[in-house]
Amino acid sequence: MDVRRTPKQDLVDEVAMRTDTRASTSVAPTNLKYDKSLNRKAPVNKELLKLKFHSGPIDQRALSSREPQALLHDIVATLESMGLIVQTTNDEYKLKVIRPAGTREEEEVQSSDASQRRSSRAFSHNGERRSGYSKFAYMLTSFPVSLVKRIKYLAQFGTQYNSGFDGHSSPETFKNRPQPMEFGEIRFHLMLHRIKNLEGLLIVDVKRLRGDIWQFKALYHEIVPKLSLRGEYV
């Protein structure tokens, strides 16, 4: 007997088939459990998030992977052992440091003067360079003193001239400079900064506030090697 199906019956059968398939696939195995630990993220040290990002050239001697609070504690102890005055600021990881005015030992001054004389003799062999410098110095006499200083600093140290590390000068730059018997007060900020894209790595940044720029930079190069920067972050 030939039984012909109507389009309506075909539609009813198709709906029933889809309903059975959906019901069978919606039943999840009862032996599988969701592991919440898969969504856990690595713990973030809140102290690191308090640090601002470093900008400018990087002095590799001033890098550290130590824990910020312990590092800052040791830095304060080192600065005070050098006779510097350390003051806190509103920023937890920013210090204000003062090197009081004073006098140097006579032996230090004589040694520095001898080094400067050697440097001057080497420079005097280049008469053309000395002449060109004299013309430039004469031209600067018509400028305001503050502008003259800024131009000199830019020429000698670049745009980061107020930073302890400017990317242009080196510790050797200051070994041949004369050290005066009397020196003035120097003030600067010392800060712990983090480095972008280098997690767990810190840098000690120093920025001049007041005082002779040459003496400030010489002091910076004296301080950095004495800091306890080595050690793993915990």
Side-chain angles (χ1 to χ4, degrees), residues 52 54-64 71-72 74-76 78-87 89 93-105 107-120 122-123 129 133 136-137 140 145-193 195 202-229:
K52 298 178 180 178
H54 167 82
S55 63
I58 293 177
D59 185 355
Q60 295 187 6
R61 302 171 305 158
L63 295 174
S64 178
L71 175 59
L72 191 67
D74 289 348
I75 288 176
V76 171
T78 300
L79 296 176
E80 291 179 341
S81 70
M82 297 175 63
L84 305 179
I85 301 173
V86 181
Q87 300 174 347
T89 66
Y93 293 103
K94 181 177 183 180
L95 303 172
K96 183 177 181 181
V97 186
I98 303 173
R99 198 280 304 272
T103 59
R104 298 184 185 278
E105 297 294 334
E107 293 79 6
E108 295 183 30
V109 177
Q110 290 176 350
S111 176
S112 176
D113 288 344
S115 298
Q116 176 63 13
R117 285 194 295 271
R118 289 193 296 269
S119 177
S120 299
F123 184 76
R129 181 180 178 184
Y133 177 80
F136 179 70
L140 291 178
V145 176
S146 59
L147 179 58
V148 171
K149 285 186 176 181
R150 182 176 176 82
I151 292 174
K152 288 183 177 179
Y153 295 162
L154 286 170
Q156 293 169 333
F157 308 113
T159 57
Q160 300 288 331
Y161 59 84
N162 272 331
S163 297
F165 184 77
D166 50 59
H168 291 73
S169 58
S170 64
E172 290 72 23
T173 306
F174 304 92
K175 289 182 179 180
N176 294 329
R177 286 194 60 84
Q179 299 294 331
M181 180 67 74
E182 297 182 356
F183 53 84
E185 180 184 85
I186 296 176
R187 299 190 177 198
F188 58 89
H189 277 148
L190 185 147
M191 303 149 285
L192 294 186
H193 286 160
I195 301 179
L202 315 178
I203 188 169
V204 178
D205 279 334
V206 177
K207 186 174 183 180
R208 181 179 71 108
L209 299 175
R210 180 187 301 177
D212 180 80
I213 193 168
W214 283 94
Q215 294 183 23
F216 160 71
K217 289 184 177 293
L219 180 61
Y220 168 81
H221 289 294
E222 180 184 352
I223 290 174
V224 170
K226 296 180 179 181
L227 302 180
S228 301
L229 301 178

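Since the structure is predicted, the reported quantities are computational estimates derived from the model, not experimental observations. Basis for what follows: all heavy atoms, side chains included, without hydrogens, waters or symmetry-related copies.
Under the rule for a side chain to side chain contact (heavy atoms under 4.5 Å, CB included), Ser55 has no partner lying at least two apart in sequence or in another chain. Every ring-ring contact (aromatic ring centres under 6.0 Å, His included) that His221 has, sequence neighbours left out, goes to Phe174. The side chain to side chain contact (heavy atoms under 4.5 Å, CB included) test applied to Phe183 returns Arg99, Arg104, Gln215, not counting sequence neighbours. In this view, Val86 and Val76, Leu79, Glu80, Leu95 satisfy the side chain to side chain contact (heavy atoms under 4.5 Å, CB included) rule, not counting sequence neighbours. Shown here are the salt bridge (Lys or Arg N to Asp or Glu O under 4.0 Å) partners of Asp205, two or more places apart in sequence or in another chain: there are none. For Leu209, the side chain to side chain contact (heavy atoms under 4.5 Å, CB included) partners at least two apart in sequence or on another chain are Lys96, Arg187, His189. Qualifying salt bridge (Lys or Arg N to Asp or Glu O under 4.0 Å) partners for Lys226, counting only residues two or more places apart in sequence or in other chains: Glu222.
When all heavy atoms of Glu185 and Ala101 are compared, the pair lying nearest together is N-CB, 3.7 Å. Looking at every heavy atom in both residues, Tyr220 comes nearest to Ala62 through OH-CB, 4.1 Å. Shown here for Lys217 and Asp166, the closest heavy-atom pair between the two residues is NZ-OD2, 2.8 Å. The heavy-atom pair separating Leu71 from Ser228 by the smallest distance is CD1-O, 3.4 Å. Across all their heavy atoms, Pro57 and Gly167 have their closest contact at CG-N, 3.9 Å.
By the neighbour-count criterion of 12 heavy atoms within 6.0 Å, atom CZ of Arg210 is sparsely surrounded, having that number or fewer from other residues, nucleotides or ligands. Applying the 6.0 Å contact sphere to CD of Gln87 captures more than 12 heavy atoms from other residues, nucleotides or ligands.
Remark: side-chain polar atoms of Thr89 are paired, donor with acceptor, to backbone N or O of Lys94 under 3.5 angstrom. Proximity of a side-chain donor or acceptor of His193 to a complementary backbone N or O of Ile195 within less than 3.5 Å is not detected.
Taking the side chain as every heavy atom from C-beta outward, Ser64 and Val204 never approach each other to under 4.5 Å. Side-chain contact between Ile186 and Asp212: absent, with no pair of heavy atoms (C-beta onward) separated by less than 4.5 Å. Counting heavy atoms from C-beta outward, Leu84 and Ile223 have side chains that approach closer than 4.5 Å. Between Val224 and Phe165, every side-chain heavy-atom pair lies at or beyond the 4.5 Å cut-off.
To the nearest 0.5 Å, atom OG of residue Ser163 and atom CZ of residue Phe216 are 7.0 Å apart. For the atom pair CE of Met191 and CG of Leu202, the computed distance is 13.5 Å after rounding to the nearest 0.5 Å. Rounding to the nearest 0.5 Å gives a distance of 12.5 Å between CZ of Arg208 and CG of Leu219. The distance from atom CD1 of Ile203 to atom CZ of Arg61, rounded to the nearest 0.5 Å, is 10.5 Å.
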* Show your working on side-chain contact (heavy atoms from CB on, under 4.5 Å) between Val206 and Val97 and close with a plain yes or no. => CA-CA 10 Å; Val206 177; Val97 186; over 6 Å; no
